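Let me begin by handing over the structure; questions about it come next.
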Protein chains: 2
Amino acid sequence: MQLLDLVGRRWTLRILWELRDASLSFRALRERCDDLSPSVLNARLAELRDAGLVELGDEGYALSAEGRALGQHLLPLDAWARRWAARRR
Amino acid sequence: MQLLDLVGRRWTLRILWELRDASLSFRALRERCDDLSPSVLNARLAELRDAGLVELGDEGYALSAEGRALGQHLLPLDAWARRWAARRR
DNA sequence: GGTTGCGCTACGAAAACAGTAGCGATAGGA
DNA sequence: TCCTATCGCTACTGTTTTCGTAGCGCAACC
């Protein structure tokens, strides 16, 4: 799947995840992502904006309609991940 | 989510994806993944085995029961990804 | 004994990422 | 008007990760 080319890179999924239920400014987003380098954050945001999944509005960065749709499909994955994480400690 | 630490790295999702419906030998898996370096493949496989998602059997590498469960949750994501990829060309 | 395929390692070169400082723009208050 | 604060973002150096390639040790087969 071509989604892997986009999402199979460091920070990409994390950024989508952090934006899942709120708009965040560049700096706030950076803090949420363990203070990753602004250069990398900017590169990922450019890719995600280019892919039409994220957009920059008045209230900062937010998921687009498509980004939210993708986020919805991530939720069951998260539910599974939580059970998996709990199981393997 | 902690799954991101594992899956949010290059090749990890791709490897799971290639194993989704068949066992593959180390070398066959390597070919499917655009001939990625064996060192990286080995590192990812070690992580995935450590996470209990992949195991090495007589027929090569294959998803474990948990790995298959995760794969199931990837299918709707793939369906969405296909539509998304078609939409944005 | 030679060939074939297996999982895997070693190592130098290239690319990605981290860490930190700071720019230009905008807005608000003294 | 100047100071301060915050915004998105760039620049630059050093470390870490990944790539690319060669090849090892092992087993099976002829």
Side-chain angles (χ1 to χ4, degrees), chain A residues 1-68 71 74, chain B residues 1-68 71 74:
Chain A
M1 39 167 161
Q2 298 157 266
L3 183 64
L4 293 184
D5 297 338
L6 178 64
V7 131
R9 307 159 77 129
R10 213 167 167 193
W11 297 119
T12 309
L13 260 180
R14 174 71 173 270
I15 290 170
L16 289 174
W17 186 249
E18 295 296 344
L19 289 176
R20 91 201 94 108
D21 52 12
S23 297
L24 289 173
S25 72
F26 187 94
R27 298 183 184 207
L29 188 52
R30 206 186 150 219
E31 282 181 18
R32 295 270 196 121
C33 293
D34 304 333
D35 278 325
L36 88 163
S37 322
S39 47
V40 176
L41 175 56
N42 190 43
R44 290 295 163 277
L45 284 173
E47 291 164 7
L48 286 169
R49 281 203 276 180
D50 204 62
L53 296 175
V54 162
E55 43 197 23
L56 176 56
D58 291 346
E59 296 175 3
Y61 283 96
L63 296 182
S64 69
E66 298 218 63
R68 280 191 299 274
L74 253 40
Chain B
M1 41 168 161
Q2 297 157 266
L3 183 65
L4 293 185
D5 297 338
L6 179 64
V7 131
R9 304 161 77 133
R10 213 166 168 192
W11 298 119
T12 309
L13 260 180
R14 173 71 171 269
I15 290 170
L16 289 173
W17 186 248
E18 296 296 343
L19 290 175
R20 91 201 96 109
D21 51 11
S23 296
L24 289 173
S25 73
F26 188 93
R27 297 184 185 208
L29 188 52
R30 205 186 151 220
E31 281 180 18
R32 296 270 196 119
C33 294
D34 303 333
D35 278 324
L36 88 163
S37 324
S39 47
V40 176
L41 175 56
N42 190 43
R44 290 296 163 276
L45 284 173
E47 292 164 8
L48 286 169
R49 281 203 276 181
D50 204 62
L53 296 175
V54 163
E55 43 198 24
L56 176 55
D58 291 346
E59 296 175 3
Y61 284 96
L63 296 182
S64 69
E66 298 219 65
R68 281 191 298 275
L74 253 41

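Protein chains get the first letters and strands the later ones, always in sequence-line order, with residue 1 at the start of each. From a predicted model like this one, the values you see are computed outputs, not experimental measurements.
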Measure the shortest side-chain to side-chain distance between B:Trp11 and B:Leu45 over non-hydrogen atoms and say whether it is less than 4.5 angstrom. no
Carefully, step by step, assess B:Arg14 and B:Glu18 under the rule salt bridge (charged side-chain N to carboxylate O under 4.0 Å, His left out). CA-CA 6 Å; B:Arg14 173 71 171 269; B:Glu18 296 296 343; 2.9 Å; yes
I need the B:Arg9 CZ to A:Arg10 CZ distance, nearest 0.5 Å. 7.0 Å
Distance-minimising heavy-atom pair for B:Arg30 and B:Ser37: NE-C, 4.3 Å
Could you state the atom-to-atom distance from CG of A:Asn42 to C1' of D:dC7 in whole Å? 13 Å
In whole angstrom, what separates B:Glu31's CD from C:dG7's C1'? 15 Å
From CG of B:Leu24 across to P of C:dC6 the rounded distance in Å is 11 Å
Taking only nitrogen or oxygen atoms into account, show me every contact under 3.5 Å that the protein makes with nucleotides 25-30 of chain D, one pair per line with its distance.
none

What is the separation between atom CG on B:Leu29 and atom C1' on C:dC6, rounded to the nearest whole Å? 14 Å
For atom CG of B:Leu41 and atom C1' of D:dT21, their distance in whole Å: 15 Å
Which value, rounded to the nearest 0.5 Å, describes the distance between B:Thr12 atom OG1 and B:Leu4 atom CG? 11.5 Å
Just the rounded figure in Å: distance from P of C:dG24 to CZ of A:Phe26. 18 Å
Whole-Å distance between D:dG8 P and A:Leu45 CG? 10 Å
Out of curiosity, B:Phe26 CZ to B:Leu41 CG, how far, rounded to the nearest 0.5 Å? 4.0 Å
Would the number of heavy atoms belonging to other residues, nucleotides or ligands and lying under 6.0 Å from CZ of A:Arg20 be above 12? yes
Using atom names, set out every protein N or O paired with an N or O of nucleotides 16-20 of chain C below 3.5 Å, distance rounded to 0.1 Å.
residue	atom	partner	partner atom	Å
C:dC17	OP1	A:Arg44	NH2	2.9
C:dC17	OP2	A:Arg44	NH2	2.5
C:dC17	O3'	A:Arg10	NH1	3.3
C:dA18	OP1	A:Trp11	NE1	3.4
C:dA18	OP2	A:Trp11	NE1	3.1
C:dA18	N9	A:Ser37	OG	3.4
C:dA18	N7	A:Ser37	OG	3.1
C:dG19	N7	A:Ser37	OG	3.4

Walk me through whether A:Leu6 and A:Leu48 qualify under side chain to side chain contact (heavy atoms under 4.5 Å, CB included). CA-CA 8 Å; A:Leu6 178 64; A:Leu48 286 169; 4.1 Å; yes
